Each structure stands twice: as C-alpha cells, then as structure tokens.
Number of protein chains: 2
Amino acid sequence: MEETPSCRVETALEILTGKWKPSILLELITHDTLRFSELKRNLPNITQKMLTAQLRELELNDIVHREIYQVVPPRVEYSLTDYGKTLIPVLNAINAWGEKHVEHLAQKDMLQDVTISSTSDSF
Amino acid sequence: MEETPSCRVETALEILTGKWKPSILLELITHDTLRFSELKRNLPNITQKMLTAQLRELELNDIVHREIYQVVPPRVEYSLTDYGKTLIPVLNAINAWGEKHVEHLAQKDMLQDVTISSTSDSF
DNA sequence: TGGTATAGTATCCTAAACGATACCATGAAG
DNA sequence: CTTCATGGTATCGTTTAGGATACTATACCA
C-alpha cells in the first residue's frame, strides 16, 4: 500500500527487468506477432524455460497476449496488448538515454577510437 | 561491441535497477545533496554495505558525485552529477507509467475499492 | 582513560535468478 | 510403428544479489 514515487518506479522496473524482458519486448515491438519458436530463434541464448517464464510474467501483467491455436504441432503466438504498447514510449526514453550513456562512457573511459556516430532515437 | 536497441536498454536499466538504486536516485533528486548518514536515515531498511555498494556503482557510472571532507568524524556528501541529472526525465517517464500501471492492476485484479484518485506526473 | 560519531570494510550466510538437461503430449507424414 | 515438430514442464545445480553482523580508524569531548 505504499504510494511513493520510488514505489511506482520499482513497480514499473519490475516489468522491464530480468535478463530477457527487454529483448522480448523489443522483439514484439518490432515484429508485432511472433510464435514461441520464432522468439526463441531470435533470442539465441535464452533457454526454453526462461522464455516461458518471462512470457508468463508479461502475460500476468497484461503486457503480452498469448494466442493458442488448437493444432498439432502446437502453434502459440505472442503479441503486445494495447496496454503493453503504452510501454513503447518508456522503452524509447530508456533506449535514447542508454545510447547517450554508451557514448558518455566511451568518452570517459577511453580517449581513443572516436569513430562512433550512429544515432537512432527510436526502434 | 553490440549496438542493438536491447543492448542499449539493458545498459540503461543496469544503472536503474537493483533493489535500492531508484530510491537512492529519488532521494538525491529531491534533496540535492545528502550525507551518507542522511541517505541511510531516509532509506530505513538499507544496510550500510548495500548503500555503500550502490553508491559506488553510481559513482563509477558518473551518476553521482562523492565529496569527501577531511574532518573527524568523517563527512561525505553525495549529489547527482550534471550527467546524472539527465536521468531525471527517464525516471519521470518510468514513474508516470508505473503510476498508470498500479491503477491498471487495481482495475484488473479487484473490482472493488475504487477509491484511488491521486495523480502526480513528476516528483 | 573511555565513550561517541561518521563512514566505511570484512566475513559469512540465505534466497532468488538463471542455466543445463531431460522429459512429455499430440497427430500427421513416411 | 516410427519419426518429427512444437511448445511446453520438471528437476537439479550454479551464480549472483542481498542481508546480518562484527569490526575499523580518527579526533574530539568528558
């Protein structure tokens, strides 16, 4: 029953964090709808267990929709819910800052190899 | 040497996540400069070890500045760097979404107790 | 001489996240 | 009747995050 800003930030971050959730969300943002196997293919190092677990959590939070087709072999498709799509601007903001940060660290740590120039403010 | 959006998002999230970093950052945003002991007082359940560790990480990433006064007993003050302040809009975006999300879950899970109305879009 | 305050370290332990691997059900195709 | 593809579970082990507790240095103050 807390209602502080830090509580809200943590609530939001819970949805975005975990080793795989950002990648999964970005996949669904850029591909719209993906089968389980397609997601797995696109995330080369994830285990089946982790992919299932993360998708279930996202589903519980009403971020992704899981559509099951009763066929054999099974076909299950994942996509963002309308509500899940409200996360896109947040991810864009985080992505933009992350991009600056990579540059910032590059400038700080190494004063060398200043050949970075790509800039993309959204996906 | 990855340069994908998900890599950038993860880089940014690394800075924001951890059980205490959001709280620490929000403290420094709202109070500007705080001594170690003041931070500890304001974060009632944090251990000294965790506070030190999280502050060190934030310092390494150039998010917070650590000012040491050579007196006894020691006095050490923490504040956001100018660069660290560029995180504020990001935290605001996350906070705003988190607020909506709390409401969203409330509507979904319980169809009761609809007495929530506070709205604050920034700190 | 001993207690106090501050800002830490060091050590050990638990719990949670994550990973590797094996297993399962189904029906169609061969 | 065997094999294949899909989308999972179950079980176990490791690795990491976090927590509890004890310890430290220093100078001042009584």
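Because only heavy atoms are used, hydrogens play no part in the values below, and waters and symmetry mates are left out as well, while side chains stay in. We name chains A, B, ... by the order of the sequence lines, and we start the count at 1 in each one. Quantities reported herein were computed from a predicted structural model and do not represent experimental measurements.
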Over how many whole Å does the gap from B/Asn45 atom CG to D/dA17 atom P extend? 21 Å

Give the nucleotide from the list C/dG19, C/dT9, D/dG18 with an atom nearest to the side chain of A/Lys19. C/dG19

Applying a 4.0 Å non-hydrogen cut-off, can you work out what B/Tyr69 is touching in the nucleic acid: base, sugar-phosphate, or nothing? nothing

Value in whole Å for how far the C1' atom of D/dA20 lies from CG of B/Leu51: 16 Å

Would you say B/Ser37 places a side-chain N or O within less than 4.0 Å of OP1 or OP2 belonging to C/dA7? yes

Take the protein atom CD1 of B/Ile68 and the nucleotide atom P of D/dT26, then report the distance between them rounded to whole Å. 15 Å

Tell me: CE of B/Met50 to P of C/dT14, nearest whole Å? 18 Å

Would you mind reporting whether A/Leu25 and A/Leu16 have side-chain heavy atoms less than 4.5 Å apart? yes

Of the candidates C/dT11, D/dT6, C/dG8, the side chain of B/Lys49 sits closest to C/dT11

Can you tell me how far the CD atom of A/Glu99 sits from the SG atom of B/Cys7, to the nearest 0.5 Å? 10.0 Å

Compare the minimum distances between each of C/dC18, C/dA5, D/dT6 and the side chain of A/Pro74, then state the nucleotide with the smallest one. D/dT6

Tell me whether the side-chain N/O atoms of A/Arg35 come closer than 4.0 Å to OP1 or OP2 in D/dG7. yes

Distance below 4.0 Å between A/Arg56 side-chain N/O and D/dG7 OP1 or OP2: no

Between B/Tyr78 and B/Val72, just flag the one whose closest nucleotide in DNA chain C comes earlier from the 5' side. B/Val72

Check the distance between D/dG19's P and B/Leu43's CG and give it to me in whole angstrom. 11 Å

Taking the side chain of B/Trp20 as its heavy atoms from C-beta onward, which of D/dT6, C/dC18, D/dG19 lies nearest to it? D/dG19

B/Glu77 and B/Arg75 ion-paired at < 4.0 Å: yes

Just verifying a value: how many Å separate A/Ile63 CD1 and A/Ile15 CD1, rounded to the nearest 0.5 Å? 4.5 Å

Without decimals, in angstroms, what is the distance between A/Glu67 CD and D/dT6 P? 19 Å

side-chain N/O A/Arg66 vs D/dG8 OP1/OP2, d < 4.0 Å: yes

In whole angstroms, how far is the P atom of D/dA5 from the CD atom of A/Glu38? 16 Å

Atom CG of B/Leu55 and atom P of C/dA7: how far apart are they, to the nearest Å? 11 Å

Step through it carefully: locate the ring centre of A/His104, locate the ring centre of B/Tyr83, and say whether they are under 6.0 Å apart. yes

Tell me which of B/Gln54 and B/Gln48 sits closer to the 5' end of DNA chain D, going by the nucleotide each one is nearest to. B/Gln54

Kindly point out which of C/dA20, D/dG7, C/dC12 is positioned nearest to the side chain of A/Thr47? C/dA20

